[in-house]
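Notes follow once the structure below has been shown.
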Amino acid sequence: KGEFTLEVQSNVDYEIVTDVDWLNEVVQPATKAIVETRKHVFAKTDNLTGAVRTGTIKFVSESAKHTMIVLVSQDIFEPYVIAAPVYKTAFLSGYAGSLNFSIKANVPYTVSTDADWIKLPATEGPAQDIEIPISFDANPTDAVRTATITFKNEQYNYSASYQINQYQAGYVFIEDF
């Protein structure tokens, strides 16, 4: 998704034609000169087709009987949010603490958990690579418990879930000392 600019130098009038619906000219104010240089800005939508796609932009001058063709190729866009614990496993000791997660995302997202013992620092995040601390309460039970953290982007109908397991009360890792 985004825009790109083509600069055309011409001494004749021309029209612009594209052959695909995902590629459209963003209309800019025109100037007039004997030989003029015009910047044409084109907007493109994200490529969610699952395949590389191509389209053409034609600059057609009927009066000069010239056509210039620009081939535009667009790679696949696959939204993602990847979360992984930094330096530790996603298994937690039975004690309260925090675990830093490395987040890599190319789309903005919301984040939630199904467990009240997991404390998230925010409910949404940006399309960037960041590190966030996720804190957790002590496990007061004699059983391992599991929580799910879910990242979503509504625009692309994207969702990724990650499980975190916490050992029972009293279970300690050597790293906790």
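This is a predicted model, so every value here is computed, not measured. Atom set for the values below is all heavy atoms of this structure, side chains included, hydrogens, waters and symmetry mates excluded.
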Would you check, one step at a time, whether the test side-chain contact (heavy atoms from CB on, under 4.5 Å) holds for V52 with S73? CA-CA 7 Å; V52 174; S73 180; 3.6 Å; yes
How close do E131 and N100 get, heavy atom to heavy atom, and via which atoms? OE2-ND2, 3.4 Å
Checking the side chain of Q166 only, and the main-chain atoms of S93 only, is there a donor and an acceptor separated by less than 3.5 Å? yes
Would you name the heavy atoms of P108 and A127 that are closest together and state the gap between them? N-CB, 3.7 Å
Would you say the side-chain atoms of N139 pair up with the backbone N or O of Y167, donor to acceptor, closer than 3.5 Å? yes
Are there more than 12 heavy atoms of other residues, nucleotides or ligands under 6.0 Å from atom CD of Q155? yes
Which value, rounded to the nearest 0.5 Å, describes the distance between D116 atom CG and D137 atom CG? 7.5 Å
Under 3.5 Å, is there a donor on one side chain and an acceptor on the other for T150 and S161? yes
Going only through I, L, V, M, F, W and Y residues with side-chain contacts under 4.5 Å, is there a path from I103 to V111? yes
For the atom pair CD1 (I118) and OG (S135), what is the distance rounded to the nearest 0.5 Å? 8.0 Å
I130 and L99: same hydrophobic cluster, using ILVMFWY side-chain contacts below 4.5 Å? yes
Closest heavy-atom pair and its distance - P126, A105: O-CB, 4.0 Å
Decide whether V20 and V17 are clustered together by the hydrophobic rule: side chain heavy atoms of Ile, Leu, Val, Met, Phe, Trp, Tyr closer than 4.5 Å, transitively. no
So, the side chain of Q74 versus the backbone of K44: is there a donor-acceptor pair under 3.5 Å, distance only? no
L92 and side-chain contact (heavy atoms from CB on, under 4.5 Å): which single residue from I164, V144, N165 fits? I164
Out of curiosity, K58 NZ to L71 CG, how far, rounded to the nearest 0.5 Å? 11.5 Å
Judged by atom type as modelled, is there a donor-acceptor pair below 3.5 Å linking the side chain of N106 to the main-chain atoms of V81? no
With the 4.5 Å side-chain cut-off for hydrophobic clustering, are I82 and V107 part of the same group? yes
Does a sphere of radius 6.0 Å around CD in E25 hold more than 12 heavy atoms from other residues, nucleotides or ligands, not counting ones at 6.0 Å or beyond? yes
If I compare all heavy atoms of R145 with all of P140, which pair ends up nearest, and what's the gap? NH1-CD, 3.9 Å
Does the side-chain contact (heavy atoms from CB on, under 4.5 Å) test come out yes or no for I149 and L120, once each step is laid out? CA-CA 9 Å; I149 298 175; L120 301 171; 4.2 Å; yes
Give me the ring orientation class for F42 and F4: parallel if the planes are under 30° apart, tilted from 30 to 60°, perpendicular past 60°. parallel
Between OG1 on residue T113 and CD1 on residue I134, distance to nearest 0.5 Å: 8.0 Å
Residue pair Y158 / P79: nearest heavy atoms and the distance that separates them: CE1-O, 3.3 Å
When the aromatic ring centroids of F59 and H66 are compared, is their separation below 6.0 Å? no
Just verifying a value: how many Å separate F151 CZ and Y109 OH, rounded to the nearest 0.5 Å? 6.0 Å
With side-chain contact (heavy atoms from CB on, under 4.5 Å) as the test, pick out the partner of K39 among V8, T5, L6. T5
Rounded distance [0.5 Å steps], CG in N47 versus CD1 in I76: 6.5 Å
Kindly say whether L23 contributes a backbone atom to a donor-acceptor pair with the side chain of T18 at under 3.5 angstrom? yes
Determine, for R53 against D75, whether the closest basic-nitrogen to carboxylate-oxygen distance falls under 4.0 angstrom. no
So, Y14 side chain and M68 main chain: donor-acceptor pair closer than 3.5 Å or not? no
Tell me whether K119 at atom NZ has more than 12 heavy atoms from other residues, nucleotides or ligands lying less than 6.0 Å away. yes
Would you say the side-chain atoms of D19 pair up with the backbone N or O of T56, donor to acceptor, closer than 3.5 Å? yes
